[in-house]
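Just so we're on the same page: letters track the sequence lines, and every chain starts at 1. Fair warning: this is a prediction, and the values are worked out from it, not measured in the lab.
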2 protein chains.
Amino acid sequence: MNERRGIERELKRGSLELIVLHLLAPGEAYGYEIVSKLTSQSNGTLEVTDGTLYPVLYRLERAGFVHVRWETPERGVPRKYYRLTEAGRHELAALTEEWTTFTKAMTKLLRS
Amino acid sequence: MNERRGIERELKRGSLELIVLHLLAPGEAYGYEIVSKLTSQSNGTLEVTDGTLYPVLYRLERAGFVHVRWETPERGVPRKYYRLTEAGRHELAALTEEWTTFTKAMTKLLRS
DNA sequence: CATTATACCTTGTCACACAAGATATATGAC
DNA sequence: GTCATATATCTTGTGTGACAAGGTATAATG
């Protein structure tokens with residue numbers, strides 16, 4: 001009881017979209033790949049379940065920030081590849097800016 | 001239309017409790033005072049409305065992280081003063097740790 | 001005396017991270 | 001052969017918390 005659910009779940013809010021856009025910046029990637037990458041790195045701090053990621057990707061697509069391409073290999077499960085659009089790059093820049101501003105304000109406060 | 005609501009609202013999630021605990025660390029304070037302080041400083045980045053803050057304070061009280069004291073001056077509106085408990089100080093330390101870990105992971109990712 | 005500032009509280013809305021389910025194919029173990 | 005695991009996608013429901021928008025009451029100011 002008293003679960004002590006931690007604040008990581010809340011901390012990710014607003015940051016997750018930025019994380020995904022950033023991961024797509026170097027080139028295209030598919031959903032499962034992003035989940036695996038986030039799970040393996042950063043000691044799981046930025047770990048995300050697939051049930052969380054897929055809605056994010058859908059939102060990004062809906063907003064025009066990513067372009068989607070299906071790839072169906074001769075053997076294997078089809079993959080959905082995501083690639084940043086021009087609008088997506090602008091959004092990435094804007095979110096990075098917002099995130100940095102907020103974090104700087106927090107850091108300044110916590111040091112006072 | 002297309003409101004572009006920004007991510008600041010989401011970014012505050014999880015951080016706000018930490019902010020309040022931190023502001024109470026030097027000594028007691030009352031709600032309206034905290035709202036004013038946050039509104040005036042940090043270019044409004046960490047600005048909070050009273051409708052947001054009071055529920056936070058209530059949650060902190062409920063969890064035993066703050067102690068509450070009413071002060072009714074001979075003239076003027078009564079104020080509700082909040083002061084950290086020992087459990088509150090531990091929570092402050094724990095949240096600071098969690099926040100720092102998360103932010104470091106994000107910073108590392110964004111630099112890659 | 002009407003407005004503004006101080007100081008508190010409540011209700012309803014919205015967004016989103018996540019758990020828990022589901023589907024389908026390929027591979028490896030026994 | 002079949003049973004489990006890994007790959008890869010998606011959906012539905014739940015809980016949480018920041019906020020808008022309302023409310024009450026007192027003191028100061030023009």
Determine the contact category for [X]: base if any of its heavy atoms lies under 4.0 Å from a base atom, sugar-phosphate if only primed atoms, P, OP1 or OP2 are that close, otherwise nothing.
{"X": "Glu10(B)", "value": "sugar-phosphate"}
{"X": "Arg9(A)", "value": "base"}
{"X": "Val56(A)", "value": "sugar-phosphate"}
{"X": "Arg13(B)", "value": "base"}
{"X": "Thr49(B)", "value": "sugar-phosphate"}

_Residues forming a ring pair (Phe, Tyr, Trp, His ring centres under 6.0 Å) with Tyr32(B), sequence neighbours excluded_ =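 Tyr32(B) satisfies ring pair (Phe, Tyr, Trp, His ring centres under 6.0 Å) with no other residue.
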*asked:* Is there a continuous path of hydrophobic side-chain contacts, each under 4.5 Å between heavy atoms, that joins Val68(B) to Leu21(B)?
replied: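 As far as the 4.5 Å side-chain criterion goes, Leu21(B) and Val68(B) are connected within one cluster.
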About how many Å separate [atom2] of [Y] and [atom1] of [X], when rounded to the nearest 0.5 Å?
{"X": "Glu47(A)", "Y": "Ser36(A)", "atom1": "CD", "atom2": "OG", "value": "10.5 Å"}
{"X": "Thr101(B)", "Y": "Asn43(A)", "atom1": "OG1", "atom2": "CG", "value": "9.0 Å"}
{"X": "Ser112(A)", "Y": "Leu23(B)", "atom1": "OG", "atom2": "CG", "value": "7.0 Å"}
{"X": "Trp70(B)", "Y": "Lys80(B)", "atom1": "CH2", "atom2": "NZ", "value": "5.5 Å"}
{"X": "Leu95(B)", "Y": "Ile7(A)", "atom1": "CG", "atom2": "CD1", "value": "4.5 Å"}
{"X": "Met106(A)", "Y": "Leu11(B)", "atom1": "CE", "atom2": "CG", "value": "10.0 Å"}

*Among residues 65-74 of chain A, which residues get a heavy atom nearer than 4.0 Å to DNA chain D?*
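Output list: Trp70(A).
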_Strand contacts (DNA chain D) in residues 25-32 of chain A, 4.0 angstrom heavy-atom criterion_ =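 When residues 25-32 of chain A is checked for heavy atoms under 4.0 Å from DNA chain D, the hits, listed by number, are Tyr30(A), Gly31(A), Tyr32(A).
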*At their closest point, which heavy atom of Ser15(B) faces which heavy atom of Trp99(B), and how far apart are they?*
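Minimum heavy-atom separation between Ser15(B) and Trp99(B): OG-NE1, 3.3 Å.
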*asked:* If I compare all heavy atoms of Ala25(A) with all of Leu92(A), which pair ends up nearest, and what's the gap?
replied: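 Reported closest heavy-atom pair: CB-CD2, 3.9 Å.
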*Pick the nucleotide of DNA chain D nearest each of Glu17(B) and Pro78(A); which residue has the one closer to the 5' end?*
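The 5'-side residue here is Pro78(A).
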*Mapping Ser15(B) and Gly51(A) onto DNA chain D by nearest heavy atom, which one lands closer to the 5' end?*
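Taking each residue's closest nucleotide, the earlier one in sequence belongs to Gly51(A).
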_By side-chain hydrogen bond (donor to acceptor under 3.5 Å, both in side chains) - contacts of Arg62(A) (at least two apart)_ =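 For Arg62(A), the residues satisfying side-chain hydrogen bond (donor to acceptor under 3.5 Å, both in side chains) (neighbours in sequence not counted) are Tyr58(A).
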*State which residue, out of Arg69(A), Arg83(A), His67(A), fulfils the side chain to side chain donor-acceptor pair (under 3.5 Å) condition with Glu28(A).*
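Option passing the side chain to side chain donor-acceptor pair (under 3.5 Å) with Glu28(A): Arg69(A).
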*asked:* Can you give me the first and the last nucleotide of DNA chain D (5' to 3') that has an atom within less than 4.0 angstrom of a non-hydrogen atom in chain A?
replied: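 That gives a stretch of dT7(D) to dG17(D).
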_Outermost nucleotides of DNA chain C that come under 4.0 Å of a non-hydrogen atom of chain B_ =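 Going 5' to 3' along DNA chain C, contacts run dT6(C) to dC16(C).
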*Give me the one residue out of Val66(B), Val20(B), Leu60(B) that meets side chain to side chain contact (heavy atoms under 4.5 Å, CB included) with Tyr82(B).*
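Answer after filtering Val66(B), Val20(B), Leu60(B): Val66(B).
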*Want to settle it: does Tyr81(B) or Gly76(A) sit nearer the 5' end of DNA chain C, counting the closest nucleotide to each?*
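By nearest-heavy-atom nucleotide position, the 5'-most residue is Tyr81(B).
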